Number of protein chains: 2
Amino acid sequence: MKASQTARERARAELTGEITRTARRHLSTEGAAGLSLRAVARDLGMASSAVYRYFPSKDDLLTALIIDGYNALGRAVEEADADCDPADFTGRWRASCHAVRDWALARPHEYALLFGSPVPDYRAPQDTVGPATRHSAVLARLATEACRAGALRLMGRPDPDPGPLDPSPAVRELFGDSPEEVVARALSVWTGLHGWIGFEVFGQFDGVLEDREGAFARHVAHLGDILGLTGRYGER
Amino acid sequence: MKASQTARERARAELTGEITRTARRHLSTEGAAGLSLRAVARDLGMASSAVYRYFPSKDDLLTALIIDGYNALGRAVEEADADCDPADFTGRWRASCHAVRDWALARPHEYALLFGSPVPDYRAPQDTVGPATRHSAVLARLATEACRAGALRLMGRPDPDPGPLDPSPAVRELFGDSPEEVVARALSVWTGLHGWIGFEVFGQFDGVLEDREGAFARHVAHLGDILGLTGRYGER
DNA sequence: ACCGAGTCAAGAGCAGTGCTCTCGAATATG
DNA sequence: CATATTCGAGAGCACTGCTCTTGACTCGGT
């Protein structure tokens, strides 16, 4: 291809990035529902209609932001996990949880976009499921490795038996040959983690609990118990 | 007071109720962000400006819906708990959890209004905290009574000690003389419960898990373990 | 070098929103 | 009965997402 064509495509990519960047800035201050294509265009000094050349609808812009968000969160958790001693499963668990929380508290509106109430009339396209899995995959890998290493205190199903778990094949694959009980407990701690963080981000703790650092550390320890982690819990 | 005055006030109360009723209907189909004062007015056959005689702003309408929602949820959980043998703490815990979930799944948008991402520019007034506490108070009471009855397997703080918990006086009062560890674990299961339900309501489980009934029963059992409940888990 | 094809930004415009203000009419109060 | 208050309706403002048209620009092939 010629350089001239590349020039045009480069300009397009440049502007696309510029739009998503200022959109994310608006998102972080106004929230997802307050994000306005016109305001973004105004900020960039262009007509609102011009933005539609790059994003056919507001949903498409949101999708781009969501994918970016999932990837950023996934990367943060992956790095936190990689910084740990691979054999220190409790430490990895703790680090991963705090990574998710730190990421969420640093950009609450972005977290709300990923894990809060879905924006109305928005239907997540298939492109989002890959990046969405990313941060959860860290947890799944952690559980699988801990299980394989014998570092998980395995427990039976609750009594009486609630029946078999039926995760999707993709999820089942994430956990390798781990027993079903590990998958079930991983789901519990996964939701338990986001339940806490969501409550923090969405203000549900206001007037309930002020020192959330220490309380979260305890929560992570409780969740680790559910998962069956046997190690001790260190400081952050 | 004269009957005529009562007549006007009655008409006012009547119309206020009518507005909240159709607003709740719109909310349940369109979601909180899609709720439009004009659409509600249209549905009632009145001018949009007339609605402002009854609710000075959309936020005030939302506040009314939120208060109603918290009360309805609280009542549902209270009734579920009251239907159980008071000494069967595990059964009460299970029933309360399922009551929250059933309520949420039956009106996802209303649940999202209460526990999802806060609507932009909306600041919850003080009137909402009372009803908001209601359903959580059931859990607190359950934990307190179980603790007092010796039905709770008490555990120490995680190792090493993350320091004391510092809940607000109102929360601390809900738990009576229960040890701090019970409060900490109640917070864990409280957030863990809503974490799961929120993921269900917000579609986070789509493509991950299809049989959510059984999986939720397991989750409730896991949370009961955190709380230290010692009983066995029966069918619903 | 030029000319048609494709791309682009801009403006006007549509339908919708929350909200305010004003103006008659209905109602309650002295 | 007269006065004061309440009420519904309409017009209007500023904003939103989105569409369509118009004119300018750039690119690729002859």
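A quick note: this is a predicted structure, and the numbers were derived from the prediction, not measured. In what follows, chains are A, B, ... by sequence order, proteins preceding strands, each numbered from 1.
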Send over the distance from [X] [atom1] to [N] [atom2], rounded to a whole Å.
| X | N | atom1 | atom2 | answer |
| --- | --- | --- | --- | --- |
| A/H26 | D/dT16 | NE2 | C1' | 15 Å |
| B/R10 | C/dT27 | CZ | P | 15 Å |
| A/Y52 | C/dG11 | OH | P | 16 Å |
| A/F55 | D/dG17 | CZ | P | 14 Å |
| A/E14 | C/dA9 | CD | P | 13 Å |

Worksheet item: Name the one of B/V77, B/L114, B/D81 that satisfies side-chain contact (heavy atoms from CB on, under 4.5 Å) with B/H135?
Response: B/V77
Worksheet item: Base, sugar-phosphate, or nothing for A/L15, non-hydrogen atoms under 4.0 angstrom?
Response: sugar-phosphate
Practice prompt. Answer with base, sugar-phosphate or nothing: what part of the nucleic acid does B/L35 contact at a heavy-atom distance below 4.0 Å?
Written response: sugar-phosphate
Has [X] got a side-chain N or O lying under 4.0 Å from the OP1 or OP2 atom of [N]?
| X | N | answer |
| --- | --- | --- |
| A/R42 | D/dT16 | yes |
| A/S36 | D/dG17 | yes |
| B/Y54 | D/dG8 | yes |
| B/R12 | D/dC7 | yes |

Identify which nucleotide among [options] has an atom closest to any side-chain atom of [X], counting heavy atoms from C-beta outward.
| X | options | result |
| --- | --- | --- |
| A/R38 | C/dA9, D/dG17, C/dA10 | D/dG17 |
| A/R53 | C/dC19, C/dA9, C/dC23 | C/dA9 |
| B/A50 | D/dG8, C/dT17, C/dG18 | D/dG8 |
| B/S49 | D/dG10, D/dT16, C/dG11 | D/dG10 |

Fill in: Side-chain donor or acceptor of B/S168 paired with backbone N/O of A/G207 under 3.5 Å
yes
Discussion item. Which label fits A/W196 and A/F216: parallel for a plane angle under 30°, tilted from 30 to 60°, or perpendicular past 60°?
Written reply: tilted
Worksheet item: Do the ring planes of A/F199 and B/F115 sit parallel (below 30°), tilted (30 to 60°) or perpendicular (above 60°)?
Response: parallel
Discussion item. For the residue pair A/R12 and A/Y54, would you count it as a cation-pi contact if the rule is NZ or CZ under 6.0 angstrom from the ring centre and within 45 degrees of the ring axis?
Written reply: yes
Worksheet item: Which comes earlier along DNA chain D counting from the 5' end, the contact point of B/V51 or that of A/K58, where each point is its nearest nucleotide?
Response: B/V51
